[in-house]
2 protein chains.
Amino acid sequence: MSTSSRAPAPAEPSGDQLAEGAAGEPPSGERPLRADARRNRERVIEAATEAFAVEGLAVAMDDIARRAGVGVGTIYRQFPTKETLYVAIIRRGLDQVTARARALAAAEDPGSAFFDFLRELLETVAAKRELVEALASAGTDLKSMAPATEAEWHEAVGALVERAQQAGAVRPDVQVPQVLALLGGTCGAVMHAHLEGDARAQLAAVVCDGLRCPPAT
Amino acid sequence: MSTSSRAPAPAEPSGDQLAEGAAGEPPSGERPLRADARRNRERVIEAATEAFAVEGLAVAMDDIARRAGVGVGTIYRQFPTKETLYVAIIRRGLDQVTARARALAAAEDPGSAFFDFLRELLETVAAKRELVEALASAGTDLKSMAPATEAEWHEAVGALVERAQQAGAVRPDVQVPQVLALLGGTCGAVMHAHLEGDARAQLAAVVCDGLRCPPAT
DNA sequence: TGACAAACGGAACGACAGTTCCGTATGGTG
DNA sequence: CACCATACGGAACTGTCGTTCCGTTTGTCA
(Lines give C-alpha, C1' and ligand atoms only; values in the text may rest on other atoms or scores of the structure.)
Protein backbone atom coordinates (compact mmCIF):
# COMPACT_ATOMS: atom_id res chain seq x y z
CA MET A 1 0.00 0.00 0.00
CA SER A 2 1.16 3.50 0.48
CA THR A 3 2.38 4.73 -2.89
CA SER A 4 0.08 6.58 -5.21
CA SER A 5 -3.27 6.28 -3.56
CA ARG A 6 -5.09 7.88 -6.41
CA ALA A 7 -8.04 5.66 -5.98
CA PRO A 8 -11.75 6.17 -6.37
CA ALA A 9 -11.98 7.70 -2.97
CA PRO A 10 -15.46 7.12 -1.56
CA ALA A 11 -16.61 10.54 -2.56
CA GLU A 12 -16.36 12.03 0.85
CA PRO A 13 -19.42 13.76 2.24
CA SER A 14 -17.26 16.79 2.74
CA GLY A 15 -19.49 19.49 3.93
CA ASP A 16 -21.40 21.94 1.91
CA GLN A 17 -21.23 20.99 -1.70
CA LEU A 18 -24.14 18.84 -0.79
CA ALA A 19 -26.02 21.83 0.41
CA GLU A 20 -26.91 23.15 -2.95
CA GLY A 21 -24.44 22.66 -5.73
CA ALA A 22 -24.41 18.92 -5.85
CA ALA A 23 -27.62 18.12 -7.57
CA GLY A 24 -30.14 20.82 -8.14
CA GLU A 25 -32.04 21.11 -11.32
CA PRO A 26 -29.86 23.19 -13.54
CA PRO A 27 -26.92 24.78 -11.76
CA SER A 28 -29.25 27.37 -10.38
CA GLY A 29 -26.84 30.01 -9.18
CA GLU A 30 -23.89 29.46 -11.48
CA ARG A 31 -22.65 30.33 -14.92
CA PRO A 32 -25.12 29.40 -17.60
CA LEU A 33 -24.05 26.00 -18.91
CA ARG A 34 -23.39 25.53 -22.57
CA ALA A 35 -26.27 24.55 -24.82
CA ASP A 36 -25.19 20.98 -25.46
CA ALA A 37 -24.50 20.51 -21.80
CA ARG A 38 -27.98 21.53 -20.84
CA ARG A 39 -29.45 19.27 -23.46
CA ASN A 40 -27.38 16.35 -22.27
CA ARG A 41 -28.22 16.93 -18.67
CA GLU A 42 -31.85 16.55 -19.52
CA ARG A 43 -31.21 13.43 -21.55
CA VAL A 44 -29.26 11.90 -18.71
CA ILE A 45 -31.99 12.51 -16.18
CA GLU A 46 -34.54 11.10 -18.54
CA ALA A 47 -32.48 8.03 -19.28
CA ALA A 48 -31.59 7.48 -15.65
CA THR A 49 -35.22 7.75 -14.63
CA GLU A 50 -36.16 5.05 -17.05
CA ALA A 51 -33.15 2.92 -16.26
CA PHE A 52 -33.78 3.02 -12.53
CA ALA A 53 -37.41 2.13 -13.07
CA VAL A 54 -36.66 -0.78 -15.35
CA GLU A 55 -33.46 -2.17 -13.94
CA GLY A 56 -33.46 -0.95 -10.39
CA LEU A 57 -31.04 1.32 -8.60
CA ALA A 58 -28.21 -1.03 -9.40
CA VAL A 59 -27.99 -0.24 -13.10
CA ALA A 60 -24.48 0.49 -14.15
CA MET A 61 -23.60 4.04 -15.00
CA ASP A 62 -22.48 2.76 -18.38
CA ASP A 63 -25.99 1.55 -19.06
CA ILE A 64 -27.45 4.88 -18.19
CA ALA A 65 -24.93 6.58 -20.42
CA ARG A 66 -25.77 4.27 -23.29
CA ARG A 67 -29.49 4.90 -22.87
CA ALA A 68 -28.85 8.61 -22.88
CA GLY A 69 -26.60 8.38 -25.88
CA VAL A 70 -23.67 10.01 -24.12
CA GLY A 71 -20.42 8.88 -22.54
CA VAL A 72 -20.08 8.20 -18.85
CA GLY A 73 -17.80 11.16 -18.53
CA THR A 74 -20.65 13.40 -19.55
CA ILE A 75 -22.78 12.11 -16.72
CA TYR A 76 -20.02 12.64 -14.22
CA ARG A 77 -19.52 16.22 -15.25
CA GLN A 78 -23.05 17.04 -14.15
CA PHE A 79 -23.46 14.52 -11.38
CA PRO A 80 -20.21 13.97 -9.54
CA THR A 81 -21.57 10.77 -8.07
CA LYS A 82 -24.17 8.19 -8.84
CA GLU A 83 -25.92 9.22 -5.69
CA THR A 84 -26.21 12.83 -6.78
CA LEU A 85 -27.85 11.56 -9.92
CA TYR A 86 -30.66 9.76 -8.23
CA VAL A 87 -31.02 12.41 -5.62
CA ALA A 88 -31.66 14.81 -8.48
CA ILE A 89 -34.41 12.53 -9.68
CA ILE A 90 -35.88 12.20 -6.23
CA ARG A 91 -35.87 15.96 -5.89
CA ARG A 92 -37.66 16.43 -9.11
CA GLY A 93 -40.41 14.05 -8.09
CA LEU A 94 -40.72 15.38 -4.59
CA ASP A 95 -40.87 18.93 -5.87
CA GLN A 96 -43.79 17.95 -8.02
CA VAL A 97 -45.85 16.55 -5.21
CA THR A 98 -44.88 19.47 -3.02
CA ALA A 99 -46.20 21.80 -5.67
CA ARG A 100 -49.42 19.86 -5.77
CA ALA A 101 -49.73 20.08 -2.01
CA ARG A 102 -49.28 23.84 -2.15
CA ALA A 103 -51.85 24.18 -4.84
CA LEU A 104 -54.36 22.23 -2.80
CA ALA A 105 -53.57 24.24 0.28
CA ALA A 106 -55.29 27.13 -1.42
CA ALA A 107 -58.49 25.21 -2.03
CA GLU A 108 -61.73 26.27 -0.42
CA ASP A 109 -62.42 23.10 1.50
CA PRO A 110 -59.38 22.30 3.68
CA GLY A 111 -60.70 18.90 4.58
CA SER A 112 -61.22 17.49 1.13
CA ALA A 113 -58.03 19.23 0.03
CA PHE A 114 -56.02 17.14 2.39
CA PHE A 115 -57.79 13.88 1.71
CA ASP A 116 -57.67 14.48 -2.02
CA PHE A 117 -53.99 15.03 -1.72
CA LEU A 118 -53.52 11.73 0.02
CA ARG A 119 -55.50 9.91 -2.61
CA GLU A 120 -53.72 11.62 -5.45
CA LEU A 121 -50.37 10.87 -3.93
CA LEU A 122 -51.23 7.21 -3.79
CA GLU A 123 -52.26 7.26 -7.41
CA THR A 124 -49.09 9.00 -8.45
CA VAL A 125 -46.90 6.62 -6.58
CA ALA A 126 -48.76 3.62 -7.93
CA ALA A 127 -48.36 4.93 -11.44
CA LYS A 128 -44.62 5.15 -11.03
CA ARG A 129 -44.27 2.18 -8.77
CA GLU A 130 -41.12 0.74 -10.25
CA LEU A 131 -39.26 4.01 -10.15
CA VAL A 132 -40.37 4.99 -6.69
CA GLU A 133 -39.53 1.56 -5.38
CA ALA A 134 -36.06 1.75 -6.83
CA LEU A 135 -35.40 5.22 -5.50
CA ALA A 136 -36.78 4.32 -2.11
CA SER A 137 -34.38 1.44 -1.85
CA ALA A 138 -31.52 3.90 -1.95
CA GLY A 139 -31.90 4.59 1.71
CA THR A 140 -30.59 8.06 1.04
CA ASP A 141 -30.93 10.58 3.77
CA LEU A 142 -32.75 13.36 2.03
CA LYS A 143 -32.36 15.62 4.99
CA SER A 144 -28.66 15.83 4.31
CA MET A 145 -28.68 15.41 0.56
CA ALA A 146 -31.45 17.84 -0.25
CA PRO A 147 -32.40 19.76 2.86
CA ALA A 148 -34.39 22.41 1.05
CA THR A 149 -36.49 19.94 -0.89
CA GLU A 150 -37.16 17.96 2.25
CA ALA A 151 -38.04 21.06 4.22
CA GLU A 152 -40.42 22.35 1.60
CA TRP A 153 -42.17 19.02 1.44
CA HIS A 154 -42.66 18.96 5.17
CA GLU A 155 -43.82 22.51 5.20
CA ALA A 156 -46.31 22.03 2.41
CA VAL A 157 -47.84 18.96 3.96
CA GLY A 158 -47.78 20.59 7.33
CA ALA A 159 -49.81 23.50 6.04
CA LEU A 160 -52.31 21.17 4.44
CA VAL A 161 -52.72 19.16 7.60
CA GLU A 162 -53.03 22.11 9.91
CA ARG A 163 -55.64 23.78 7.82
CA ALA A 164 -57.59 20.55 7.73
CA GLN A 165 -57.34 20.28 11.46
CA GLN A 166 -58.50 23.82 12.01
CA ALA A 167 -61.46 23.05 9.81
CA GLY A 168 -62.21 20.06 11.98
CA ALA A 169 -61.72 17.58 9.16
CA VAL A 170 -58.67 15.91 10.62
CA ARG A 171 -58.46 14.82 14.23
CA PRO A 172 -56.57 17.37 16.28
CA ASP A 173 -54.47 14.89 18.19
CA VAL A 174 -52.19 13.84 15.35
CA GLN A 175 -48.97 15.67 14.76
CA VAL A 176 -47.57 16.55 11.39
CA PRO A 177 -44.65 14.12 11.69
CA GLN A 178 -47.07 11.26 12.17
CA VAL A 179 -49.02 12.27 9.13
CA LEU A 180 -45.82 12.46 7.14
CA ALA A 181 -44.86 9.02 8.34
CA LEU A 182 -48.29 7.67 7.53
CA LEU A 183 -48.14 9.14 4.06
CA GLY A 184 -44.85 7.44 3.43
CA GLY A 185 -45.98 4.19 4.95
CA THR A 186 -49.15 4.11 2.95
CA CYS A 187 -47.24 4.72 -0.24
CA GLY A 188 -44.95 1.89 0.69
CA ALA A 189 -47.91 -0.36 1.38
CA VAL A 190 -49.48 0.38 -1.97
CA MET A 191 -46.23 -0.32 -3.76
CA HIS A 192 -45.06 -3.43 -2.05
CA ALA A 193 -48.43 -5.07 -2.06
CA HIS A 194 -49.09 -4.05 -5.65
CA LEU A 195 -52.50 -2.82 -4.65
CA GLU A 196 -54.45 -1.83 -7.71
CA GLY A 197 -57.63 0.07 -8.35
CA ASP A 198 -60.25 -0.77 -5.78
CA ALA A 199 -57.84 -2.27 -3.31
CA ARG A 200 -55.88 0.93 -3.37
CA ALA A 201 -58.94 3.08 -2.92
CA GLN A 202 -60.01 0.91 -0.04
CA LEU A 203 -56.69 1.30 1.68
CA ALA A 204 -56.86 5.03 1.17
CA ALA A 205 -60.30 5.02 2.72
CA VAL A 206 -59.07 3.20 5.79
CA VAL A 207 -56.23 5.61 6.31
CA CYS A 208 -58.43 8.61 5.69
CA ASP A 209 -60.99 7.36 8.16
CA GLY A 210 -58.30 6.90 10.74
CA LEU A 211 -57.16 10.44 10.24
CA ARG A 212 -60.60 11.93 10.16
CA CYS A 213 -62.15 13.12 13.32
CA PRO A 214 -63.95 10.31 15.08
CA PRO A 215 -67.53 11.39 14.28
CA ALA A 216 -68.93 11.07 17.75
CA THR A 217 -67.60 9.60 20.97
CA MET B 1 -30.80 -7.48 -7.34
CA SER B 2 -27.32 -6.86 -6.18
CA THR B 3 -25.12 -9.83 -5.58
CA SER B 4 -24.75 -11.07 -9.08
CA SER B 5 -24.05 -14.60 -8.14
CA ARG B 6 -22.14 -15.26 -11.27
CA ALA B 7 -19.75 -18.14 -11.03
CA PRO B 8 -16.97 -18.68 -13.51
CA ALA B 9 -18.25 -22.03 -14.61
CA PRO B 10 -21.85 -22.27 -13.49
CA ALA B 11 -21.69 -25.98 -14.01
CA GLU B 12 -25.12 -26.90 -12.81
CA PRO B 13 -27.49 -25.80 -10.10
CA SER B 14 -27.65 -29.48 -9.33
CA GLY B 15 -31.04 -29.58 -7.79
CA ASP B 16 -33.53 -27.06 -6.52
CA GLN B 17 -31.64 -25.93 -3.51
CA LEU B 18 -33.99 -23.01 -3.27
CA ALA B 19 -36.95 -25.23 -2.77
CA GLU B 20 -36.26 -26.31 0.72
CA GLY B 21 -32.70 -27.12 1.58
CA ALA B 22 -31.34 -23.65 1.01
CA ALA B 23 -32.20 -21.85 4.17
CA GLY B 24 -34.47 -23.41 6.65
CA GLU B 25 -33.69 -23.39 10.27
CA PRO B 26 -31.68 -26.53 10.77
CA PRO B 27 -31.67 -28.86 7.78
CA SER B 28 -35.13 -29.96 8.62
CA GLY B 29 -35.46 -33.15 6.66
CA GLU B 30 -31.88 -34.28 6.24
CA ARG B 31 -29.16 -36.11 8.07
CA PRO B 32 -28.46 -34.69 11.49
CA LEU B 33 -25.58 -32.22 11.06
CA ARG B 34 -22.48 -32.68 13.14
CA ALA B 35 -22.28 -31.01 16.52
CA ASP B 36 -19.77 -28.33 15.59
CA ALA B 37 -21.68 -27.59 12.44
CA ARG B 38 -24.87 -26.96 14.35
CA ARG B 39 -23.05 -24.74 16.81
CA ASN B 40 -21.45 -22.74 14.03
CA ARG B 41 -24.67 -22.36 12.18
CA GLU B 42 -26.13 -20.69 15.20
CA ARG B 43 -23.12 -18.46 15.64
CA VAL B 44 -23.27 -17.41 12.05
CA ILE B 45 -26.91 -16.46 12.23
CA GLU B 46 -26.27 -14.55 15.42
CA ALA B 47 -23.29 -12.72 13.98
CA ALA B 48 -25.04 -11.99 10.72
CA THR B 49 -28.05 -10.62 12.55
CA GLU B 50 -25.88 -8.21 14.43
CA ALA B 51 -23.77 -7.36 11.43
CA PHE B 52 -26.77 -6.58 9.25
CA ALA B 53 -28.24 -4.43 11.97
CA VAL B 54 -25.07 -2.47 12.56
CA GLU B 55 -23.55 -2.26 9.10
CA GLY B 56 -26.49 -2.80 6.84
CA LEU B 57 -27.15 -5.50 4.31
CA ALA B 58 -23.95 -4.64 2.50
CA VAL B 59 -21.57 -6.04 5.09
CA ALA B 60 -19.01 -8.25 3.54
CA MET B 61 -19.28 -11.96 4.17
CA ASP B 62 -15.77 -11.81 5.54
CA ASP B 63 -16.95 -9.43 8.23
CA ILE B 64 -19.76 -11.72 9.21
CA ALA B 65 -17.35 -14.63 9.34
CA ARG B 66 -14.98 -12.65 11.53
CA ARG B 67 -17.77 -11.68 13.91
CA ALA B 68 -18.84 -15.28 14.13
CA GLY B 69 -15.31 -16.47 14.66
CA VAL B 70 -15.40 -18.81 11.69
CA GLY B 71 -14.06 -18.83 8.16
CA VAL B 72 -16.12 -17.75 5.18
CA GLY B 73 -16.13 -21.28 3.92
CA THR B 74 -18.05 -22.32 6.99
CA ILE B 75 -20.77 -19.84 6.22
CA TYR B 76 -21.04 -21.02 2.66
CA ARG B 77 -21.43 -24.62 3.68
CA GLN B 78 -24.66 -23.77 5.47
CA PHE B 79 -25.81 -20.89 3.36
CA PRO B 80 -24.89 -21.38 -0.28
CA THR B 81 -25.48 -17.73 -0.93
CA LYS B 82 -25.52 -14.47 0.94
CA GLU B 83 -29.15 -14.18 0.09
CA THR B 84 -29.99 -17.51 1.69
CA LEU B 85 -28.33 -16.21 4.81
CA TYR B 86 -30.49 -13.20 5.25
CA VAL B 87 -33.56 -15.01 4.11
CA ALA B 88 -32.91 -17.38 6.98
CA ILE B 89 -32.86 -14.43 9.33
CA ILE B 90 -36.00 -12.98 7.85
CA ARG B 91 -37.71 -16.33 8.25
CA ARG B 92 -36.76 -16.57 11.83
CA GLY B 93 -38.21 -13.16 12.61
CA LEU B 94 -41.32 -13.66 10.58
CA ASP B 95 -41.92 -17.02 12.20
CA GLN B 96 -41.82 -15.34 15.56
CA VAL B 97 -44.46 -12.78 14.76
CA THR B 98 -46.54 -15.44 13.06
CA ALA B 99 -46.41 -17.48 16.22
CA ARG B 100 -47.55 -14.48 18.18
CA ALA B 101 -50.42 -13.93 15.79
CA ARG B 102 -51.52 -17.50 16.23
CA ALA B 103 -51.36 -17.27 19.95
CA LEU B 104 -53.50 -14.17 19.91
CA ALA B 105 -55.96 -15.78 17.53
CA ALA B 106 -56.96 -17.98 20.42
CA ALA B 107 -57.70 -15.08 22.73
CA GLU B 108 -61.19 -14.50 24.02
CA ASP B 109 -61.72 -11.03 22.62
CA PRO B 110 -61.05 -11.17 18.87
CA GLY B 111 -61.14 -7.44 18.55
CA SER B 112 -58.52 -6.53 21.07
CA ALA B 113 -56.50 -9.54 19.95
CA PHE B 114 -56.09 -8.05 16.53
CA PHE B 115 -55.41 -4.53 17.69
CA ASP B 116 -53.01 -5.74 20.33
CA PHE B 117 -51.20 -7.63 17.67
CA LEU B 118 -50.83 -4.55 15.55
CA ARG B 119 -49.49 -2.55 18.45
CA GLU B 120 -47.12 -5.27 19.52
CA LEU B 121 -45.85 -5.68 16.00
CA LEU B 122 -45.04 -2.01 15.87
CA GLU B 123 -43.15 -2.24 19.14
CA THR B 124 -41.20 -5.25 17.98
CA VAL B 125 -40.25 -3.64 14.74
CA ALA B 126 -39.25 -0.44 16.46
CA ALA B 127 -37.08 -2.36 18.88
CA LYS B 128 -35.20 -3.96 16.01
CA ARG B 129 -35.39 -1.04 13.69
CA GLU B 130 -31.89 -1.23 12.30
CA LEU B 131 -32.12 -4.90 11.50
CA VAL B 132 -35.57 -4.77 10.01
CA GLU B 133 -34.63 -1.79 7.93
CA ALA B 134 -31.59 -3.59 6.58
CA LEU B 135 -33.45 -6.77 5.79
CA ALA B 136 -36.29 -4.84 4.21
CA SER B 137 -33.87 -3.14 1.87
CA ALA B 138 -33.03 -6.52 0.39
CA GLY B 139 -36.06 -6.37 -1.81
CA THR B 140 -36.17 -10.14 -1.64
CA ASP B 141 -39.25 -11.83 -2.90
CA LEU B 142 -40.25 -13.91 0.07
CA LYS B 143 -42.96 -15.61 -1.90
CA SER B 144 -40.31 -17.37 -3.92
CA MET B 145 -37.56 -17.64 -1.33
CA ALA B 146 -39.66 -18.85 1.57
CA PRO B 147 -43.13 -19.69 0.35
CA ALA B 148 -44.14 -21.57 3.45
CA THR B 149 -43.10 -18.83 5.83
CA GLU B 150 -44.90 -16.26 3.74
CA ALA B 151 -48.01 -18.38 3.49
CA GLU B 152 -48.16 -19.03 7.20
CA TRP B 153 -47.79 -15.37 7.97
CA HIS B 154 -50.65 -14.48 5.65
CA GLU B 155 -52.77 -17.23 7.02
CA ALA B 156 -52.17 -16.29 10.65
CA VAL B 157 -52.94 -12.64 10.08
CA GLY B 158 -55.90 -13.58 7.94
CA ALA B 159 -57.38 -15.61 10.76
CA LEU B 160 -56.85 -12.81 13.23
CA VAL B 161 -58.50 -10.29 10.93
CA GLU B 162 -61.43 -12.45 10.04
CA ARG B 163 -62.23 -13.28 13.60
CA ALA B 164 -62.09 -9.61 14.47
CA GLN B 165 -64.42 -8.83 11.62
CA GLN B 166 -66.88 -11.48 12.65
CA ALA B 167 -66.86 -10.00 16.10
CA GLY B 168 -67.62 -6.63 14.58
CA ALA B 169 -64.40 -5.07 15.80
CA VAL B 170 -62.91 -4.50 12.38
CA ARG B 171 -64.85 -3.01 9.51
CA PRO B 172 -66.15 -5.70 7.23
CA ASP B 173 -65.23 -3.96 4.01
CA VAL B 174 -61.47 -4.39 4.22
CA GLN B 175 -59.80 -7.41 2.73
CA VAL B 176 -56.96 -9.32 4.27
CA PRO B 177 -54.47 -8.23 1.62
CA GLN B 178 -55.13 -4.62 2.48
CA VAL B 179 -54.60 -5.27 6.12
CA LEU B 180 -51.33 -7.01 5.36
CA ALA B 181 -50.27 -4.09 3.25
CA LEU B 182 -51.26 -1.68 5.96
CA LEU B 183 -49.35 -3.64 8.54
CA GLY B 184 -46.24 -3.50 6.41
CA GLY B 185 -46.70 0.13 5.57
CA THR B 186 -47.20 1.11 9.17
CA CYS B 187 -44.07 -0.72 10.19
CA GLY B 188 -42.23 1.10 7.45
CA ALA B 189 -43.61 4.40 8.65
CA VAL B 190 -42.51 3.78 12.21
CA MET B 191 -39.05 2.83 11.11
CA HIS B 192 -38.32 5.45 8.55
CA ALA B 193 -39.69 8.27 10.61
CA HIS B 194 -38.01 7.00 13.75
CA LEU B 195 -41.24 7.42 15.62
CA GLU B 196 -40.70 6.76 19.27
CA GLY B 197 -42.92 6.20 22.27
CA ASP B 198 -45.96 8.41 22.12
CA ALA B 199 -45.61 9.24 18.48
CA ARG B 200 -45.65 5.56 17.71
CA ALA B 201 -48.66 4.89 19.88
CA GLN B 202 -50.44 7.77 18.25
CA LEU B 203 -49.80 6.40 14.81
CA ALA B 204 -51.00 3.01 15.91
CA ALA B 205 -54.16 4.64 17.22
CA VAL B 206 -54.82 6.32 13.90
CA VAL B 207 -54.41 3.12 11.98
CA CYS B 208 -56.50 1.17 14.44
CA ASP B 209 -59.27 3.72 14.26
CA GLY B 210 -59.23 3.51 10.51
CA LEU B 211 -59.58 -0.23 10.68
CA ARG B 212 -62.19 -0.21 13.38
CA CYS B 213 -65.80 -0.16 12.45
CA PRO B 214 -67.04 3.38 12.08
CA PRO B 215 -69.07 3.49 15.32
CA ALA B 216 -72.26 4.79 13.84
CA THR B 217 -73.18 6.17 10.46
C1' DT C 1 -8.88 -46.14 19.72
C1' DG C 2 -8.58 -46.05 14.69
C1' DA C 3 -10.68 -44.69 10.45
C1' DC C 4 -13.38 -41.89 7.58
C1' DA C 5 -16.71 -38.71 6.38
C1' DA C 6 -18.00 -34.15 7.59
C1' DA C 7 -16.56 -29.68 8.63
C1' DC C 8 -13.18 -26.11 8.99
C1' DG C 9 -10.32 -21.88 7.62
C1' DG C 10 -8.92 -18.56 4.73
C1' DA C 11 -6.09 -17.48 0.62
C1' DA C 12 -7.11 -16.85 -4.09
C1' DC C 13 -10.16 -15.96 -7.92
C1' DG C 14 -13.08 -13.27 -10.92
C1' DA C 15 -16.12 -10.02 -12.04
C1' DC C 16 -18.44 -6.09 -11.62
C1' DA C 17 -19.27 -1.25 -11.44
C1' DG C 18 -18.02 3.54 -9.91
C1' DT C 19 -14.86 6.96 -11.08
C1' DT C 20 -10.95 9.18 -13.45
C1' DC C 21 -8.21 10.83 -17.33
C1' DC C 22 -7.06 12.82 -21.40
C1' DG C 23 -7.10 13.46 -26.35
C1' DT C 24 -10.75 15.29 -29.33
C1' DA C 25 -14.82 18.02 -30.70
C1' DT C 26 -17.64 22.07 -30.45
C1' DG C 27 -20.52 26.12 -28.91
C1' DG C 28 -19.90 30.90 -28.24
C1' DT C 29 -17.67 35.17 -28.78
C1' DG C 30 -14.78 39.23 -30.47
C1' DC D 1 -13.47 33.40 -39.10
C1' DA D 2 -10.23 32.27 -35.56
C1' DC D 3 -9.70 31.06 -30.61
C1' DC D 4 -10.42 28.81 -26.39
C1' DA D 5 -12.96 27.49 -22.58
C1' DT D 6 -16.27 24.12 -22.07
C1' DA D 7 -17.93 19.69 -22.97
C1' DC D 8 -17.57 15.16 -24.93
C1' DG D 9 -16.53 10.00 -25.25
C1' DG D 10 -15.11 5.92 -23.58
C1' DA D 11 -11.01 3.09 -22.45
C1' DA D 12 -8.69 2.09 -18.41
C1' DC D 13 -8.05 1.82 -13.52
C1' DT D 14 -9.26 0.06 -8.86
C1' DG D 15 -11.28 -1.35 -4.85
C1' DT D 16 -14.64 -4.31 -3.27
C1' DC D 17 -17.11 -8.56 -2.71
C1' DG D 18 -19.28 -12.86 -3.37
C1' DT D 19 -17.86 -17.36 -4.05
C1' DT D 20 -14.71 -21.38 -4.70
C1' DC D 21 -11.04 -24.62 -3.61
C1' DC D 22 -8.32 -27.54 -1.12
C1' DG D 23 -5.16 -28.94 2.52
C1' DT D 24 -6.05 -29.62 7.44
C1' DT D 25 -8.78 -30.62 11.60
C1' DT D 26 -12.38 -32.82 14.21
C1' DG D 27 -16.61 -35.33 15.46
C1' DT D 28 -18.63 -39.82 15.38
C1' DC D 29 -19.14 -44.64 15.21
C1' DA D 30 -17.69 -49.38 15.40
Checklist entry - Between D/dC17 atom C1' and B/L85 atom CG, what is the distance in whole Å? => result 15 Å

Checklist entry - Hey, are B/R67 and B/E46 close enough for a salt bridge, meaning a charged N less than 4.0 Å from a carboxylate O? => result no

Item to check | N/O (side chain, A/T81) to phosphate O (OP1/OP2, C/dT19) under 4.0 Å | outcome: yes

Checklist entry - Can you check the B/F52 CZ to D/dC17 P distance for me, whole Å? => result 13 Å

Next on the checklist: At less than 4.0 Å, is any side-chain N or O atom of A/T74 found next to OP1 or OP2 of D/dG9? Yes or no.
Outcome noted: yes

Next on the checklist: Output the rounded distance in Å from OH (B/Y86) to C1' (D/dC17).
Outcome noted: 13 Å

Checklist entry - Taking atom C1' of C/dA12 as reference, at what distance in whole Å does atom CE of B/M61 sit? => result 17 Å

Next on the checklist: Distance check needed: D/dT6 C1' versus A/R41 CZ, whole Å only.
Outcome noted: 16 Å

Next on the checklist: In this structure, how many angstroms lie between the P atom of D/dC17 and the CG atom of B/D63, rounded?
Outcome noted: 8 Å

Checklist outcome for this item: A/R43 CZ to D/dG9 C1', in whole Å, measures 14 Å

Checklist entry - From C/dG18, D/dT19, C/dA7, pick the nucleotide closest to the side chain of B/L33? => result C/dA7

Next on the checklist: Less than 4.0 angstrom from a charged side-chain N to a carboxylate O is my criterion; do B/D95 and B/R92 meet it?
Outcome noted: no

Checklist entry - Are OP1 or OP2 of C/dC8 and a side-chain N or O of B/N40 less than 4.0 angstrom apart? => result yes

Checklist entry - Is there a donor N/O on one and an acceptor N/O on the other, under 3.5 Å, for the side chain of B/R34 and the base of C/dA6? => result yes

Checklist entry - Is any side-chain N or O of A/R77 under 3.5 Å from a base N or O of D/dT6, one able to act as donor and the other as acceptor? => result no

Checklist entry - Considering only side-chain heavy atoms of B/V70, which listed nucleotide, C/dG9, C/dG18, D/dG18, is closest? => result C/dG9

Checklist entry - Do A/R66 and A/D63 meet the salt-bridge criterion of a basic N to acidic O distance under 4.0 Å? => result yes

Next on the checklist: Tell me the interatomic distance from A/Y76, atom OH, to D/dA11, atom P, rounded to whole angstroms.
Outcome noted: 16 Å

Checklist outcome for this item: Whichever of B/D62 and B/A35 has the more 5' nearest nucleotide on DNA chain D, that residue is B/D62

Item to check | First encountered from the 5' end of DNA chain D, between A/D36 and B/R39 | outcome: A/D36

Item to check | The single option from B/T186, B/L203, B/L122 passing side chain to side chain contact (heavy atoms under 4.5 Å, CB included) against B/L195 | outcome: B/L203

Item to check | B/Y86 and B/F52 aromatic ring geometry - parallel, tilted or perpendicular at 30°/60° bounds | outcome: perpendicular

